[in-house]
Amino acid sequence: MRAAVRAYAQLLDGAHRLLALSVVLSVVQSLVLLPAALLVRRIFDTDLPHHDSTGVTWTGAAVLVLYVLSALVGLANRWVVVIATKDAMTRLRTRLWHRLYELPRGWYDAQEPGRVHGSVVQDTERLDLVISQSLSVFLPAVVVTAALGVLAAVLDPLLTLVLAGVLPLLTLLSRWLGAVVERYAQDWHRHFDRFSAEVTQGLRGMVMVTALGTAEAELARRTRTVEALSESGRRLAWRVSAWTIAQGTVAAGAGIAVLVVGGREVSAGSLTIGALLSFYAIAALLLRSVSTVVGALPALVTGGASLRRVQEVLDADAEPPYRGTRRIEFSGDVRLEGVSFGYDERPLIRDLDLVLRPGERVALVGPNGAGKSTVTALVLGLYRPQSGVVRADGVAYDELDLAHLRARFGVVLQELVLADGTVAEAIRHGREATMEQVRLAARRAGADAVVAGLADGYDARIGEEGSLLSGGQRQRIGLARALLGEPRLVVLDEPTTHLDDAAIAHLLTTLAELPWRPSVLVVTHDSAAAASADRVVVLRDGRTAAQEVPVP
Ligand SMILES: Nc1ncnc2c1ncn2[C@@H]1O[C@H](COP(=O)(O)OP(=O)(O)OP(=O)(O)O)[C@@H](O)[C@H]1O
Ligand SMILES: [Mg+2]
């Protein structure tokens, strides 16, 4: 619970001034009710005994005006808190994006499927709701409760003591049921992550499932997940309801206690009916705001669980592989020196030396699983070797500003992912480039032929991850993206898988004739592609050092 409070405080870090204003408004909102209580007492103790009906009307009207005033201040207060919370959510989501772009590949590899997506989308959405709805009610209610408590104590200390008798019980309830609800909320989150991951996977694999005819089995699995999620949701909702109702009952009990104790005092003559009723009016308001405070607790606790999960992403103890700051011109010279690397304890690459001189075209070949894509990932600086060093123009990656260096790379990964949008947007991928540059890159990659066949040309939409294009068309656009900006180093991981013979020939000619002569590292199973390189490096078992096979 304390951790949740700290996390919320941190979340609202930039909103202190707005929250302070909200507290002031809450105090004003309660103070306006003090004269109202005194006026109620006046009705019963002065106006009624004197049969002063005009007095009753005017006093009643004055009470009404005060209530309306208090409500208006409450409205202004709500507005202030909504602004503060929405700002906080914007800051949180922006921070999350920043962090997600910083976190290294290795961290993503280690995450449960659906977990990160769940935190970024569902957890922040849940927090947004909890904070907007609960906190915008909760915080003012805390202040109003405190202020009304003081007011009640001024009006009648003894009855206030009776009222305060419920506090220990409410605290105990919150401690106990709060912990229970938190546990069930975590369980529910786990189920929701699984569901969320399955939706993503299920949608991606939809065509495959239809083709394999395994829809029934898939459906059975998906249904089991949905049922487990709803079972977990039921367990959580039941505990939340029990908590809310228990709190309401305790609060109502306090109201009854006040009536009984106060009623006995009135019959004993030590209290006027007006004093009792005015105290009861304040007590009713007080109990309502106490109920609001404690009623918001379950949502705050489940929201706290979401906040902690978001915090785990923000505070992830994962360093980027390299954190240097040096920027170099970069001529395209990359070297792996005595590099050893494994995704886990098992070594995959052992003592590998690989040299790529400026302007040189090197083909990396070897059986499936040998570690070729892993070598490209090491060249891109996505992972850090366990030993050995990677250098660009003789400077160790450790010293370099890798983002700056990578801007000089052109890359086609084995798993090609194109940005949703138009062909031109996919080729640009967020970079500045004129239409002329886009066209030139497309021509070099043989993607101009793809564009020519599309009704809208460069403005044609390519669908989610290029789903409206053929495999080869996607690959050509991926190549165009890699060649845009005339990179000093081009890394292509099996760029020819989907290409027809003509396209492969075109690609090889292009790579040989690029006017700025970049270095090229091409991973390939295609013998023509390998033969056209200046040098072929064979990677075997992912363990042996590379052997260089001179091309005749
Ligand atoms: N992110 C990862 N986490 C853990 N293991 C991985 C990861 N990526 C690859 N591997 C493992 O590392 C080994 C080498 O994979 P890699 O993708 O480098 O092979 P490859 O030579 O490119 O194979 P292919 O010709 O099939 O593309 C494989 O056994 C693979 O299971
Ligand atoms: Mg590979």
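When a ligand or atom number is given, it counts from 1 through the structure's own listing order.
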Apply side chain to side chain contact (heavy atoms under 4.5 Å, CB included) to the pair Arg115 and Val313, showing each step before the final yes or no. CA-CA 10 Å; Arg115 163 74 171 81; Val313 175; 4.0 Å; yes
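- In this structure, atom 18 (O) of ligand 1 lies nearest to the protein heavy atom Thr374 OG1, 2.5 Å.
- Considering only heavy atoms from C-beta on, Arg221 stays 4.5 Å or farther from Val226 through its side chain.
- For Arg234 and Tyr184, the positive end is not near the middle of the six-membered ring at less than 6.0 Å and at most 45° from its axis.
- Between Arg91 and Thr94 the shortest side-chain heavy-atom distance does not fall below 4.5 Å.
- Residue, atom and distance of the protein heavy atom nearest to atom 10 (N) of ligand 1 are Tyr343 CE1, 3.3 Å.
- Atom CG in Leu413 sits 8.5 Å away from atom OG in Ser373 (nearest 0.5 Å).
- Scanning the protein heavy atoms around atom 25 (O) of ligand 1, the nearest turns out to be Lys372 NZ, 2.6 Å.
- Among protein atoms, those of element N, O or S found less than 2.8 Å away from the Mg ion (ligand 2) are Ser373 OG, Gln414 OE1.
- Counting protein heavy atoms only, atom 14 (C) of ligand 1 is closest to Gly369 O, 3.4 Å.
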Identify each donor-acceptor pair in which a side-chain atom of residues 104-114 lies under 3.5 Å from a protein atom, sequence neighbours left out, and give them as a table.
unit_1: Tyr108; atom_1: OH; unit_2: Leu100; atom_2: O; d: 2.5
unit_1: Asp109; atom_1: OD2; unit_2: Tyr383; atom_2: OH; d: 2.6
unit_1: Gln111; atom_1: NE2; unit_2: Trp107; atom_2: O; d: 3.2

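- With a 4.0 Å cut-off on non-hydrogen atoms, Glu494 touches ligand 1 through its side chain and not its backbone.
- For ligand 1, the atoms closer than 4.0 angstrom to any heavy atom of His525 are 25 (O).
- Considering both main-chain and side-chain atoms, Ala370 comes within under 3.5 Å of ligand 1 through a nitrogen or oxygen pair.
- Closest protein heavy atom to atom 1 (N) of ligand 1: Asp109 OD2, 3.2 Å.
- Contact atoms of ligand 1 toward Tyr383: 1 (N) (distance under 4.0 Å to a heavy atom of the residue).
- In this structure, the side chains of Val522 and Val362 stay at 4.5 Å or more apart for every pair of heavy atoms.
- For atom 27 (O) of ligand 1, the nearest protein heavy atom (residue, atom name, distance) is Gln414 NE2, 2.8 Å.
- Atom 30 (C) of ligand 1 lies below 4.0 Å from none of the non-hydrogen atoms of the protein.
- Just one of Gln122, Gln186, His189, Glu125 meets the side-chain hydrogen bond (donor to acceptor under 3.5 Å, both in side chains) condition when paired with Ser306; it is His189.
- Using a 4.0 Å cut-off between heavy atoms, Asn368 contacts ligand 1 through both its backbone and its side chain.
- Between Arg428 and Val438 there is a side-chain heavy-atom pair separated by less than 4.5 Å.
- The shortest side-chain heavy-atom distance between Leu400 and Ile328 falls under the 4.5 Å cut-off.
- Contact of the Arg439 side chain with the Tyr458 side chain is registered, since non-hydrogen atoms from C-beta on lie closer than 4.5 Å.
- Taking OG of Ser467 as the start and CG of Leu469 as the end, the distance is 8.0 Å to the nearest 0.5 Å.
- Summary of contacts: the protein heavy atom closest to atom 17 (O) of ligand 1 is Ser373 CB, 3.5 Å.
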